[in-house]
Number of protein chains: 2
Amino acid sequence: MKLTKKITCNNCTDPCDFQSALAKTGRSIDDANIFHAHFKKHDVICKQGKEVTHALFLTKGWAKLYLEGLNNRNIILYILKPPAYIGLLSFFETPIYAYSVTALEDSEVCFVELGLVKKLYIESHDLLLCLNKVFGKSVADIMNKIISINQKQIRGRIAENLIYLSNLHQSHKFHLCLTRKEIGEMAAISEENTVRLLSEFAKESIISVKGRDIEILDMPLLKKICDVG
Amino acid sequence: MKLTKKITCNNCTDPCDFQSALAKTGRSIDDANIFHAHFKKHDVICKQGKEVTHALFLTKGWAKLYLEGLNNRNIILYILKPPAYIGLLSFFETPIYAYSVTALEDSEVCFVELGLVKKLYIESHDLLLCLNKVFGKSVADIMNKIISINQKQIRGRIAENLIYLSNLHQSHKFHLCLTRKEIGEMAAISEENTVRLLSEFAKESIISVKGRDIEILDMPLLKKICDVG
DNA sequence: ATTAAACATTGTTGTAAATCAACTTTTTTT
DNA sequence: AAAAAAAGTTGATTTACAACAATGTTTAAT
């Protein structure tokens, strides 16, 4: 992490809900003491178990949000893509992070002091409702993940995550920002089986795989595999 | 579900945070149109996929909160014990329930219109902070559950849930309000293996089991089994 | 009191998926 | 350019657990 002065709220291309909240409550952005930082690929943005001191907002670069489980095994809950609230599930009165977030590529993050956030959502209902909305979506996604991980077989889980990645890229053809191991961590399966299934899907002409370039050739079939579990 | 006039906010023994919020915003409880209902054992209190119309507050009787998964397999996320917000994870701007709740015994539930809730937490920061706090705790619990279900073996999972139930009853000796199948659904394991493990633990003198009466005899060992996974 | 239904138990079997192991390819470092 | 580290691949082996089956026991209904 490296502080940067280049990016400020004033030249922000993706203004977050904090900005309008600041405006509405008659505060100046400069007084708000918001600072901006650059994270390099693989840098940890926030760490499970550590204290929550700021609300974090991702403005550039993708990141993975994951649980650090037993025996150094991670489960990736979802991929964050800007603009995104990073600490959302944790900054509502939770003292410590319930998960970790790591940059998948060079990223930019804004830091808003938690004290200010609290003041803001006491004074601005709109901000609160916005955040709660995103929050609710996250919870629903996690519930779905629990079922998926626990009740689908690895074939269905990999299919599900390929579809997820495709939606994220908004294209059937995309370049993976994840290693095979990380794809495995999304579906909570071993790296070996991830590789095996990707080749299997390729052999069946459901997808095409060239290194990290993936193309989904038969989306209906992939969806079917996902749905039957 | 059966409406009841016997229980009202005015004679409530466990006043919820809505009451103080109502008072603070100068509203009368009678105008608030809060109604109270009785649920019999096994009644569904709220149903996954159905619209969220009210905030629900459990004042009497225990209930289970669970996900309805594939092939009629449920996963119980936690047990609700009064006083408890039932719909907490869903009434923050989520239109539909992400889970179901069913009464484990005869229960009483208060219904507060969602419109009023929204007004209340716009006008009363305290209410909001209270709810968010409970909310954060729930999320942390769910994260832990994901790891547990996915990375622990069934022995560790059953141990974990026995400890959980013991804490809930605030005693090492308690009467199960759940069937073996439901104990299994808490740990996401089959009914058969649940039975097997309970007998196994009993044979090892870690617990004593007589029907639904459980006593934890060796809590340190049980904790160890839980921790090693 | 009798029957049905729900709940509990135990042994056996099949299999999905992790683990192990050995190896190749790609990327990064010096 | 060479060495080292990380990432990717494939087959063989092991195992944890669900599913099946058969049977006993308690609870609820008529």
Side-chain angles (χ1 to χ4, degrees), chain A residues 40-42 64 69-75 102 104-106 147-161 175-203 207-214 225 228-229, chain B residues 40-42 64 69-75 102 104-106 147-161 175-203 207-214 225 228-229:
Chain A
K40 290 213 291 191
K41 191 174 173 172
H42 299 143
K64 59 175 176 178
L70 280 21
N71 309 115
N72 293 316
R73 286 177 58 199
N74 299 330
I75 299 178
T102 291
L104 290 170
E105 48 190 3
D106 288 13
I147 295 300
S148 171
I149 280 179
N150 201 253
Q151 303 187 345
K152 281 189 184 179
Q153 312 205 162
I154 53 174
R155 225 175 126 83
R157 307 217 293 265
I158 284 292
E160 181 168 336
N161 282 287
H175 182 84
L176 283 176
C177 48
L178 302 161
T179 65
R180 307 291 150 127
K181 192 181 170 200
E182 286 170 324
I183 302 276
E185 286 174 346
M186 290 187 73
I189 69 180
S190 70
E191 183 181 5
E192 291 94 325
N193 279 329
T194 307
V195 171
R196 239 182 291 266
L197 281 171
L198 287 180
S199 331
E200 212 173 291
F201 282 166
K203 204 171 287 167
I207 61 174
S208 108
V209 183
K210 270 194 206 95
R212 290 206 182 175
D213 288 309
I214 304 268
I225 293 170
V228 298
Chain B
K40 290 213 290 191
K41 190 173 174 172
H42 299 141
K64 59 175 177 180
L70 280 22
N71 308 115
N72 293 316
R73 285 177 59 199
N74 299 330
I75 299 178
T102 293
L104 290 169
E105 48 190 2
D106 287 14
I147 296 300
S148 171
I149 280 179
N150 202 253
Q151 301 186 345
K152 281 188 184 178
Q153 310 203 166
I154 51 173
R155 226 176 124 82
R157 306 217 293 266
I158 283 292
E160 181 167 337
N161 283 287
H175 183 83
L176 282 176
C177 49
L178 303 161
T179 65
R180 309 290 151 129
K181 192 181 171 201
E182 285 171 324
I183 301 275
E185 285 174 347
M186 290 186 72
I189 69 180
S190 70
E191 184 182 2
E192 293 92 326
N193 278 328
T194 307
V195 171
R196 235 183 294 269
L197 282 171
L198 288 179
S199 330
E200 213 172 293
F201 282 167
K203 205 171 285 167
I207 61 173
S208 108
V209 183
K210 272 194 205 94
R212 289 206 182 174
D213 288 310
I214 304 267
I225 294 169
V228 297

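- Under the 4.5 Å side-chain criterion, counting only non-hydrogen atoms from C-beta, B:Ile154 is not in contact with B:Arg196.
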For nucleotides 11-13 of chain C, which of its nitrogen or oxygen atoms have a protein nitrogen or oxygen under 3.5 Å away, and what is each distance?
from   : atom 1 : to       : atom 2 : distance (Å)
C:dG11 : N7     : B:Arg196 : NH1    : 2.9
C:dG11 : O6     : B:Arg196 : NH2    : 3.4

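- Atoms CD and OG1, from A:Glu185 and A:Thr179 in turn, are 7.0 Å apart once rounded to the nearest 0.5 Å.
- A close approach under 4.0 Å does not occur between any side-chain nitrogen or oxygen of B:Ser199 and OP1 or OP2 of C:dT9.
- One finds no side-chain N or O of A:Asn193 lying less than 4.0 angstrom from the OP1 or OP2 phosphate oxygen of C:dA16.
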Nucleotide N/O of nucleotides 26-30 of chain D paired with protein N/O under 3.5 Å:
none

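- In this structure, the nucleotide among C:dT10, C:dT19, D:dT9 sitting nearest to the side chain of A:Arg180 is D:dT9.
- Atom-to-atom, CD of B:Glu191 to P of D:dA21 comes out at 16 Å; the value is rounded to the nearest Å.
- The side chain of B:Arg212 contributes no N or O atom lying less than 4.0 Å from OP1 or OP2 of C:dC7.
- Rounded to whole Å, the distance from CG on A:Leu176 to P on C:dT26 is 16 Å.
- Looking at the side chain of B:Ile189, the nearest of the listed nucleotides D:dC17, D:dA18, D:dT9 is D:dA18.
- Between the CG atom of B:Leu70 and the P atom of D:dA18 there is a distance of 15 Å, rounded to whole Å.
- Heavy-atom minimum distance, B:Thr194 versus B:Ser190: OG1-O, 2.8 Å.
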Original post:
After noting the C-alpha distance and the side-chain angles of A:Glu182 and A:Leu104, does the key distance pass the side-chain contact (heavy atoms from CB on, under 4.5 Å) rule?
Top reply: CA-CA 10 Å; A:Glu182 286 170 324; A:Leu104 290 170; 3.9 Å; yes
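- In this structure, CD of A:Gln151 is placed 16 Å from P of D:dC17, rounded to the nearest angstrom.
- Atoms CG and NZ, on B:Asp106 and B:Lys41 in that order, are 8.5 Å from each other to the nearest 0.5 Å.
- Using a 4.0 Å heavy-atom cutoff across all strands shown, B:Ala188 reaches sugar-phosphate atoms only and no base atom.
- Distance from the side chain of A:Val195 is smallest for D:dG8 among the nucleotides C:dT9, C:dA16, D:dG8.
- Rounding to the nearest 0.5 Å places CD1 of B:Ile207 at 5.0 Å from CG of B:Leu198.
- One atom, CG of B:Leu198, and another, C1' of C:dT10, lie 14 Å apart when rounded to the nearest Å.
- For the atom pair NZ (A:Lys64) and NE2 (A:His42), the distance works out to 7.5 Å, reported to the nearest 0.5 Å.
- Among the atoms of the strands shown, only primed sugar atoms or phosphate atoms (P, OP1, OP2) are found under 4.0 Å from some heavy atom of A:Thr179.
- At a threshold of 4.5 Å between non-hydrogen side-chain atoms, the residues A:Lys152 and B:Leu70 count as touching.
- One finds the CZ atom of A:Arg180 at 14.0 Å from the CG atom of A:Asn193 (value rounded to the nearest 0.5 Å).
- As judged by a 4.0 angstrom heavy-atom cut-off over every strand, A:Arg155 is placed among residues making no nucleic acid contact.
- Applying the side-chain contact (heavy atoms from CB on, under 4.5 Å) test between B:Ile189 and each of B:Ile183, B:Ile149, B:Ile158 identifies B:Ile158 as the sole match.
- In this structure, A:Asn150 atom CG and D:dA18 atom P are separated by 9 Å, rounded to whole Å.
- In this structure, the nucleotide among D:dA16, D:dA18, C:dA16 sitting nearest to the side chain of B:Gln153 is D:dA16.
- Taking atom CD of residue B:Glu200 and atom C1' of nucleotide C:dT10, one finds them 12 Å apart after rounding to whole Å.
- Rounded to a whole Å, the CG atom of A:Leu197 is 15 Å from the P atom of D:dG8.
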